[in-house]
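Structure, as structure tokens:
Whatever order the structure lists ligands and atoms in, that order sets their numbers, starting from 1.
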Amino acid sequence: VAKENGKGLFRYWKEVQHETIRHRLAVEAALQSALLRDEFRLFYQPILHITDGHIIGAEALLRWTSPELGEISPAVFIPVAEKSGVIREIGLWVLDRVLSDLKALNVKGQALEFIAVNVSTVQLIDPHFPAQALQKIRSAGIDPSRLEFEVTETGIALQGNPAGLLAPIKKIGVRIALDDFGTGNSSLRYLSDLPIDVLKIDGSFVKKTMVDSKAAVITHTIVSLALLLNLNIVAECIENEEERQTMYFMGVDRMQGFLFSPAVAFEEFSAMLSRNHSLPPIETIDSHP
Ligand code: C2E
Ligand code: MG
Ligand code: MG
Ligand code: MG
């Protein structure tokens, strides 16, 4: 009986595997025409000053609704787009969108400090990317320091020379954020050896810090080091006041997460800015008698 169960299980996993591959192929095929068919939307998630609760910037996050496959998470389609290489074109589309949205905010007098853009390692290793990006930023007339390029720790760690990989985009004048910190090796040397301006603490690490005192010590140490190196630090996935408070005590100066808002369409984000919508200021130690 055990043997038969084993066979059933094996057949089951084979089917799951085939199903996964079929889905991946379907996603890959649909992605090829998604740009032409204008199926992407760019949403914005506010990034707030952790203490006073005001919006200082936003992270641009891709949304894709395929007519055949429905809504698909970027966590699913970005890796597929990276494998096929189409992420290079998608990435340029994202940059164009962000630049024109920044211009629209300027016109409305909603001077946002920065917009953060996720840049795939596949884009970074493309030798044409820095010049393409610079050309787009220049012709939009946007100050490059108002853009933050988010690069992932694990992505650049796989490259032989991460500092060399970042040097050309640093030269453009954009700020660089190290994204997903805490999910890979979290090499402390990266903080001092890479030309980065911002450290983004991954949501999973924020959650761990809340429940595990050893993780809290590590977070505190990393944040302290990052502060000494003059980096800004963003805590991701802040969902309640307790998490906000804890990250504040760790020394984190910026936050994003559902406590304030998920990523929303540009019009809604712009409305938030004009309403001057914000979180109540955090209860700091010295606000107690
Ligand atoms: P990421 O860059 O680490 O982005 C943060 C993710 O956390 C986003 O997921 C965001 O919606 C989610 N998030 C934010 N606050 C909360 C919260 O309080 N709770 C929870 N549970 N989640 C929260 P999203 O939008 O699904 O994006 C997933 C990943 O896909 C991103 O992770 C990024 O790596 C990638 N991605 C998204 N847009 C782009 C893009 O334009 N280009 C590239 N290369 N990658 C992108
Ligand atoms: Mg990001
Ligand atoms: Mg992140
Ligand atoms: Mg992440």
Stepwise, does the side chain to side chain donor-acceptor pair (under 3.5 Å) test hold for Lys108 with Ser274? CA-CA 9 Å; Lys108 294 192 209 175; Ser274 53; over 6 Å; no
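Looking at Thr152 against ligand 1, nothing comes within 4.0 Å, counting heavy atoms. When non-hydrogen atoms are compared, ligand 1 lies under 4.0 Å from the side chain of Glu236 (C-beta onward) but not from its backbone. Only the side chain of Arg63 comes within 4.0 Å of ligand 1, counting heavy atoms alone; its backbone N, CA, C and O stay farther away. The part of Asp179 lying near ligand 1 is the side chain, judged by heavy-atom distances below 4.0 Å. The proximity of Gln256 to ligand 1, defined as any non-hydrogen pair under 4.0 Å, does not occur for either the backbone or the side chain.
Counting non-hydrogen atoms of neighbouring residues, nucleotides and ligands closer than 6.0 angstrom, the CZ atom of Arg138 reaches no more than 12 such neighbours. Around atom NZ of Lys83, no more than 12 heavy atoms belonging to other residues, nucleotides or ligands sit under 6.0 Å away. Glu39 CD: more than 12 foreign heavy atoms inside a 6.0 Å radius. Shown here is Lys170, whose NZ atom has more than 12 heavy atoms of other residues, nucleotides or ligands within 6.0 Å.
Residue Glu150 approaches the Mg ion (ligand 2) most closely through its N/O/S atom OE1. Between the Mg ion (ligand 3) and the N, O or S atoms of Asp180, the shortest distance is to OD1. Within Asp179, the N, O or S atom lying nearest to the Mg ion (ligand 2) carries the name OD2.
With respect to Arg11 and Glu15, no salt bridge is recorded, no charged nitrogen being found less than 4.0 Å from a carboxylate O.
Near Glu239, with a cut-off below 4.0 Å to any heavy atom, the atoms of ligand 1 are 17 (C), 18 (O), 19 (N), 20 (C), 21 (N). Here is the list of ligand 1 atoms found below 4.0 Å of a heavy atom in Gly257: 15 (N), 18 (O). Per-residue contacts place Gln45 under 4.0 angstrom from the following atoms of ligand 1 (heavy atoms of the residue considered): 14 (C), 15 (N). Those atoms of ligand 1 that come under 4.0 Å of a heavy atom in Val94, given as number and element, are 41 (O).
Looking at ligand 1, you won't find any N or O of Ser73 less than 3.5 Å from one of its N or O atoms. Residue Ala60 places no N or O, backbone or side chain, under 3.5 Å from any N or O of ligand 1. Among the atoms of Asn118, some N or O lies under 3.5 angstrom from an N or O of ligand 1. Taking any N or O of Leu62, backbone or side chain, at least one lies under 3.5 Å from an N or O belonging to ligand 1. Taking only nitrogen or oxygen atoms, main chain and side chain alike, Gln123 does not reach within less than 3.5 Å of ligand 1.
Taking the six-membered ring where the residue is Trp, Phe129 and Phe149 present tilted rings, their angle falling between 30° and 60°.
Vertex the Mg ion (ligand 2), arms ending at OE2 of Glu59 and OD1 of Asn118: the angle is 90° after rounding to 10 degrees.
Taking the six-membered ring wherever Trp is involved, the centroid distance between the rings of Phe249 and His220 does not fall below 6.0 Å.
Within the 2.8 Å limit, Glu236 places at least one N, O or S atom next to the Mg ion (ligand 3).
Shortest non-hydrogen contact noted between Thr152 and Leu178 is C-CD1, 4.4 Å. Nearest heavy atom pair, residue Asn118 against residue Gln123, reads O-OE1, 4.1 Å.
Assignment of Glu82 to the shell around ligand 1 is not supported, since no heavy atom sits closer than 4.0 Å.
Scored by the ring pair (Phe, Tyr, Trp, His ring centres under 6.0 Å) test, Phe43 finds no partners at all (sequence neighbours excluded).
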